[in-house]
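Below is one structure; the comments refer to it alone.
Nothing here was measured: the structure is a model prediction, and the numbers come from that model. Start at 1 with the first residue, then count along the sequence.
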Amino acid sequence: MGIRRFSEFIHRVSEADSSSYLSILHELATDLPQSVELLRSYVDWRARTSALTGKSHMHNNGFLKLSLWRDPTSEASLRVHVWSPSDANTEPQASIHDHRWDFASVVLAGRLPFINFSCETSEDGQWIMHEVGDADPRGEKLVQRGVNCHVQETVSYELSPGGVHAVKCCQLHKTPPPSSFAATLVLTARPARQFSHVITQRLDAPKGRLLAARSLTEEDVLNEIVGLIGRLGG
């Protein structure tokens, strides 16, 4: 790819259609060590700019969401997701969900499992599909109870470092917490709708809001990125 400066990378993303995200990340994956240079360039770029970054927090699906950049026009964004499992018995369990936007991601470290699902509405279904709004500044999301449904797993796969995939906004999926440290670089496209879906069993239905465990400051994000650079061999 030849682009190791963060400012050049986000310029390329901002000029691209979401259908190009996969090829952009494939280029990054062919020379994965350049991701360290990209992240190091981000730290320098962040010190010199007040550009929008989006919200960063401990996500309710069990990973640290580090928002690096958000396009002020399209709302496309670049994030890093980090899983640091400490105890499989206490880590949050990932929900079945979709998104408001298409996205593509590349695994920077670790191995991540992915499971896709289909859903069919049914009055006697033991699952509930909820409509979920965008997160507020604290990472909290409003939840509207939806319809009962049946859920079925359709495919499962695992990605290792350098693995890339793209997911449409309407694809129901989940990422079970990995057994060891893992990190991904994620490109999200312009939102295609105002809400996403979360599917839970009836007894586990959220009560009005999905809560982030904690919000991160800009300093927190920079410290996490510096730590990730170290883990990736930078």
Query raised in the report: Should the pair Phe114 and His165 be assigned to parallel (<30°), tilted (30 to 60°) or perpendicular (>60°) ring geometry?
Result: tilted

Requested in this report: Classify the ring geometry between His57 and His59 as parallel (under 30°), tilted (30 to 60°) or perpendicular (over 60°).
Outcome: parallel

Query raised in the report: For Glu131, what residues pass the side chain to side chain donor-acceptor pair (under 3.5 Å) criterion, not counting sequence neighbours?
Result: none

Query raised in the report: In chain order, what residues pass the side chain to side chain donor-acceptor pair (under 3.5 Å) check against His26, with sequence neighbours excluded?
Result: none

Query raised in the report: Do His173 and His99 have ring centres separated by under 6.0 Å?
Result: yes

Side chain to side chain, [X] and [Y], heavy atoms closer than 4.5 Å:
X: Ser118; Y: Gln152; answer: yes
X: Ile225; Y: Val80; answer: yes
X: Cys149; Y: Glu120; answer: no
X: Gln171; Y: Asn116; answer: yes
X: Ser84; Y: Val82; answer: yes
X: Phe6; Y: Trp69; answer: yes

Would you be so kind as to tabulate the donor-acceptor pairs closer than 3.5 Å made by side chains of residues 216-223, with sequence neighbours excluded?
from	atom 1	to	atom 2	distance (Å)
Thr217	OG1	Glu219	N	3.4
Thr217	OG1	Asp220	N	3.1
Thr217	OG1	Asp220	OD2	3.1
Asp220	OD2	Thr217	N	2.9
Asn223	ND2	Glu219	O	3.4

Under a 3.5 Å threshold, yes or no: a donor from one side chain and an acceptor from the other, between [X] and [Y]?
X: Ser95; Y: Asn61; result: yes
X: His150; Y: Ser122; result: yes
X: Ser196; Y: His97; result: no

Report summary line: The remaining residues in the hydrophobic cluster of Val155, counting side-chain heavy-atom contacts under 4.5 Å among Ile, Leu, Val, Met, Phe, Trp and Tyr, are none

Query raised in the report: Between OG of Ser105 and CG of Leu112, what distance do you get to the nearest 0.5 Å?
Result: 8.0 Å

Query - Separation between CD1 of Ile229 and CD of Glu37, rounded to the nearest 0.5 Å - result: 10.5 Å

Query - Heavy-atom closest contact (Ser67 atom, Lys55 atom, distance) - result: OG-O, 2.5 Å

Residues which pass salt bridge (charged side-chain N to carboxylate O under 4.0 Å, His left out) with [X], listed by chain and number, not counting sequence neighbours:
X: Asp71; answer: none
X: Arg111; answer: Glu158
X: Glu75; answer: Arg70

[X]: ring-ring contact (aromatic ring centres under 6.0 Å, His included) partners, not counting sequence neighbours:
X: His197; result: Phe195
X: Trp83; result: Phe63
X: Trp127; result: none
X: Phe117; result: none

**Report entry** Lys/Arg N to Asp/Glu carboxylate O, Arg40 vs Asp44, below 4.0 Å
**Finding:** no

Query raised in the report: Is Val226 reachable from Leu38 through a run of I, L, V, M, F, W or Y residues, each pair having side-chain heavy atoms under 4.5 Å apart?
Result: yes

Anything under 3.5 Å between a donor and an acceptor, one on a side chain of residues 174-189, the other on a protein residue two or more places apart or in another chain? List them.
from	atom 1	to	atom 2	distance (Å)
Thr188	OG1	Ser77	N	3.3
Thr188	OG1	Ser77	OG	2.5

